[in-house]
Amino acid sequence: MMECLPLACRPRHIKRVLVGVVVASACILLVNHGGDKDAPVVVRKEASPTPSLHTTLRQGLESFREHEVPEYYKQLDKLERESMDDFLILTQFHPVMSPEERTELLYTLNVFIRACQEHGLTYYLTGGSLVGAYRHHGLIPWDVDVDVLMNVSHRTEMLAALGDIPGFTLEVDDRGSAEGSHRFSLSTFLANQTRYSTYSSVPIYVDVFFFGENATHLWGITSSYRGKVWPREFVLPLSTARFERWTLPVPACVERVIDIEYKTHPTTTCRSYYQRFGSDRYRLRRPVVSIDCSKLHSAFPFVFRRLDTSGHMIESRKIGNRTVEDVRVPAVPAVCGRNK
């Protein structure tokens, strides 16, 4: 999905637990699809949100909508005009989410961040979100979700923390273990009320993956990360990076971790998993498509780095030749090696 690890673990059967919606009366329905013995049994609390809950969530979304729509959405016609001879840009590197869907994702991330803070849960950005923090100071413009890694020892606390938030859903696939997917999103009913478009094939959620650790290494446990191993000093202690309006946890050696996952440097090679067809429809495609990032510099924000005289790193976020923001950050630790 997007510029992250392929979701080979995308489950066929999803057990959805919708919790925390306050209602006057609720019933638990056991739904068996068509009597098929292999079909999943879904436990669902069927209810509409109370007006107060819907109003609260709507207000939260509106507060994000006022500030979080990037200017490149207003310049997509320019991108298309300049790229008429480049079919890949027109079909692969076009924002997949609408501005409303992007707002919904960032609002969901905000709720996830607050829940983790309140329950003392540690996580860090991974996959496409780590690339986005490094290369764009936020979401990759053609990405559709947020990816985080969490220590498997925190899984029980995470289920409790995210599984009881009014208006939100935590989906856990039928494996019911750290090997399966864990997706946190605005509940389907509420999402349908907040989107302006009637059609959306975009999955909008915070995707939580798990890792194990010992004295020397960390390794992926969730199936899509199985086989990934990182030297402990490349990840811990965690650092931080700009990601949209937040400063979020990232590995100590961001470039080294990205190298392990992708084998290419993120500032020179841009990758996409989604293909555009029609005016507003997208589909996941294989194999991934790559392009020289410089072809996208005029349309989307990219981060460029330089060292100042004091040895600190200056990260300049630019669209074309225009600087949007400069951020001063500490130099990369020696254990990480030199920046590329």
Side-chain angles (χ1 to χ4, degrees), residues 2-4 62-76 78-79 82 93-110 112-114 124-148 206 238-255 257-258 265-271 292-333 336 339-340:
M2 62 278 155
E3 184 156 348
C4 67
E62 289 296 335
S63 69
F64 270 74
R65 182 171 291 116
E66 293 173 1
H67 303 287
E68 299 294 341
V69 178
E71 63 180 87
Y72 58 73
Y73 276 98
K74 303 174 185 178
Q75 301 178 355
L76 292 180
K78 177 183 177 182
L79 173 65
E82 294 178 353
F93 296 90
H94 194 284
V96 176
M97 292 185 290
S98 68
E100 291 75 28
E101 290 163 339
R102 189 180 191 277
T103 295
E104 181 183 320
L105 175 59
L106 293 180
Y107 180 56
T108 300
L109 175 60
N110 190 58
F112 173 86
I113 292 169
R114 292 177 59 186
Y124 62 88
L125 297 177
T126 187
S129 297
L130 181 59
V131 172
Y134 182 82
R135 193 173 65 202
H136 305 280
H137 278 175
L139 292 166
I140 295 173
W142 51 93
D143 203 348
V144 296
D145 68 355
V146 175
D147 306 310
V148 302
V206 176
L238 293 174
S239 182
T240 58
R242 176 67 59 87
F243 190 85
E244 301 296 338
R245 61 165 62 185
W246 305 277
T247 299
L248 297 183
V250 296
C253 305
V254 172
E255 287 189 359
V257 170
I258 291 175
H265 199 262
T267 60
T268 57
T269 303
C270 289
R271 296 149 56 101
D292 187 333
C293 288
S294 64
K295 294 184 177 182
L296 303 172
H297 285 175
S298 65
F300 301 119
F302 281 80
V303 175
F304 299 87
R305 292 169 172 80
R306 67 182 188 278
L307 288 173
D308 66 11
T309 55
S310 66
H312 284 76
M313 184 71 68
I314 304 299
E315 298 182 343
S316 298
R317 184 160 56 96
K318 298 182 176 182
I319 300 179
N321 294 323
R322 180 171 59 87
T323 299
V324 178
E325 180 185 40
D326 283 332
V327 178
R328 189 169 181 259
V329 300
V332 175
C336 301
N339 287 334
K340 297 183 178 180

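- A heavy-atom distance below 4.5 Å is found between the side chains of Arg135 and Cys293.
- Residues that satisfy the salt bridge (Lys or Arg N to Asp or Glu O under 4.0 Å) test with Asp292, not counting sequence neighbours, are absent from this structure.
- Atom CG of residue Asn321 and atom CD1 of residue Ile319 lie 11.5 Å apart, to the nearest 0.5 angstrom.
- With sequence neighbours left out, Arg306 forms a side-chain hydrogen bond (donor to acceptor under 3.5 Å, both in side chains) with Ser316.
- Residues passing the ring pair (Phe, Tyr, Trp, His ring centres under 6.0 Å) test with Phe302, sequence neighbours excluded: His136, His297.
- Scanning all heavy atoms of the two residues, the minimum distance from Pro251 to Val254 falls at O-CG2, 3.5 Å.
- Taking Ser310 as the reference, Asp308, His312, Arg328 meet the side-chain hydrogen bond (donor to acceptor under 3.5 Å, both in side chains) condition, with sequence neighbours excluded.
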Dump the intermediate steps for side chain to side chain contact (heavy atoms under 4.5 Å, CB included) on Leu139 and Val146, then the final yes or no. CA-CA 8 Å; Leu139 292 166; Val146 175; 3.9 Å; yes
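- With contacts defined as side-chain heavy-atom distances shorter than 4.5 Å, the pair Val324/Lys318 does not qualify.
- Atoms CZ and CZ, on Arg317 and Arg242 in that order, are 7.5 Å from each other to the nearest 0.5 Å.
- A 4.5 Å side-chain heavy-atom check between Asp145 and Val206 finds every atom pair outside the cut-off.
- Using a cutoff of 4.0 Å between basic side-chain nitrogens and carboxylate oxygens, Glu255 and Arg305 are not scored as salt-bridged.
- With sequence neighbours excluded, no residue forms a ring pair (Phe, Tyr, Trp, His ring centres under 6.0 Å) with Phe243.
- In this structure the side chain of Thr267 never reaches within 4.5 angstrom of the side chain of Phe304, judged on heavy atoms.
- Counting only heavy atoms from C-beta outward, the side chains of Asp147 and Leu130 never approach each other to under 4.5 Å.
- Rounded to the nearest 0.5 angstrom, Arg245 CZ and Leu109 CG are separated by 10.0 Å.
- Atom CD1 of Ile140 and atom CZ of Phe300 lie 11.5 Å apart (nearest 0.5 Å).
- Considering all non-hydrogen atoms of both residues, Pro333 and Ala252 come closest at CD-O, 4.1 Å.
- For the residue pair Asp143 and Met97, the shortest heavy atom distance occurs at O-CE, 3.3 Å.
- Interatomic distance, Tyr134 OH to His265 NE2, rounded to the nearest 0.5 Å: 4.0 Å.
- Note that the CD1 atom of Ile113 and the CG atom of Leu106 stand 9.0 Å from one another [nearest 0.5 Å].
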